[in-house]
Colleague: 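Have a look at the structure that comes next, please.
Note that these values count all heavy atoms, side chains included, but never hydrogens, waters or copies made by symmetry. Labels below follow one simple rule: chain letters A, B, ... track the order of the sequence lines, proteins then strands, and each chain is numbered from 1.
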Amino acid sequence: SAVISQKPSRDICQRGTSLTIQCQVDSQVTMMFWYRQQPGQSLTLIATANQGSEATYESGFVIDKFPISRPNLTFSTLTVSNMSPEDSSIYLCSVTGTGYLTDTQYFGPGTRLTVL
Amino acid sequence: GENVEQHPSTLSVQEGDSAVIKCTYSDSASNYFPWYKQELGKRPQLIIDIRSNVGEKKDQRIAVTLNKTAKHFSLHITETQPEDSAVYFCAASIGRDDKIIFGKGTRLHILP
């Protein structure tokens with residue numbers, strides 16, 4: 001499977017600021033997704049990052065709060081805008097389209113965000 | 001909307017015994033069912049998956065069964081070991097484009 005990295009690995013931010021998280025894959029992938037995992041909870045899909053077009057957001061998530069870019073088949077960014085303490089969470093990217101079984105999802109290491 | 005229910009939320013098993021985690025899904029079009037293991041502070045790792053054209057799949061001590069009629073699937077871990085202690089998530093595919101939704105997770109404790 002592909003090697004997936006995320007930057008930063010963790011950050012502590014002030015209320016009202018924004019943070020951009022990067023997801024880099026070492027090979028071209030078909031799909032890229034962004035998830036949120038709040039402390040002790042399951043994974044919630046935020047959006048599908050579409051290459052060359054606007055992301056597809058899940059119910060409860062909007063582009064103004066979580067703008068996403070995917071300029072090519074190996075890279076995506078998620079921005080958490082105008083942050084509040086409720087945004088404190090782990091944000092993970094995942095990819096499909098690596099290896100033989102193209103729909104299997106593999107996860108990046110995550111970005112642990114704390115908002116004060 | 002579509003959802004995946006997972007039970008139990010916590011499971012304690014004596015080392016060497018078996019553990020079973022059960023999930024049900026709502027979308028009859030779901031055809032892919034992965035299971036992930038997440039250790040504390042780590043990313044979810046795929047441990048086994050099953051597709052709708054088979055009823056059971058086994059990989060060493062781990063097996064998954066699928067009942068499409070009843071819309072439920074289960075993870076079975078035999079001869080449990082301390083390193084099996086983790087949170088386990090089931091998931092089911094929804095729609096197209098490789099999207100999956102997750103159950104709420106099961107925290108598995110292996111007791112010495």
Colleague: Under 4.5 Å from any heavy atom of chain A, what part of B:Leu46 do you find: side chain, backbone, both or neither?
Modeller: side chain
Colleague: Closest heavy-atom contact between B:Arg43 and A:Ile4?
Modeller: NH1-O, 3.8 Å
Colleague: Donor-acceptor pair, distance only, cut-off 3.5 Å: does the side chain of A:Ser42 make one with the backbone of B:Gly105?
Modeller: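 No, A:Ser42 side chain to B:Gly105 backbone: no donor-acceptor pair under 3.5 Å.
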Colleague: So what's closer than 4.5 Å to chain B heavy atoms on A:Gln41: side chain, backbone, both or neither?
Modeller: backbone
Colleague: If you compare all heavy atoms of A:Gln37 against all heavy atoms of B:Gln38, which two are closest, and at what distance to 0.1 Å?
Modeller: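 For A:Gln37 versus B:Gln38, the nearest heavy atoms are NE2-OE1, 2.8 Å.
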Colleague: Looking at A:Lys65, I want to see if its NZ is surrounded by more than 12 non-hydrogen atoms of other residues, nucleotides or ligands under 6.0 Å.
Modeller: yes
Colleague: Under 4.5 Å from any heavy atom of chain B, what part of A:Phe107 do you find: side chain, backbone, both or neither?
Modeller: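 Contact with chain B involves both backbone and side-chain atoms of A:Phe107.
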Colleague: Atom CD of residue position B:Gln60 - does it have more than 12 heavy atoms of other residues, nucleotides or ligands inside 6.0 Å?
Modeller: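 No, CD of B:Gln60 has 12 or fewer neighbouring heavy atoms, counting only those of other groups under 6.0 Å.
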Colleague: Between A:Leu92 and chain B, which part of the residue has a heavy atom less than 4.5 Å away: side chain, backbone, both or neither?
Modeller: side chain
Colleague: For B:Lys42, which atoms come within 4.5 Å of any heavy atom of chain A: side chain, backbone, both, or neither?
Modeller: neither
Colleague: Quick check for you: to the nearest 0.5 Å, what is the distance between B:Ile101 atom CD1 and A:Tyr35 atom OH?
Modeller: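 The OH atom of A:Tyr35 is 9.5 Å from CD1 of B:Ile101, to the nearest 0.5 Å.
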Colleague: Which atoms of B:Phe102 are under 4.5 Å from chain A, going by heavy atoms: the side chain, the backbone, both sets, or neither?
Modeller: both
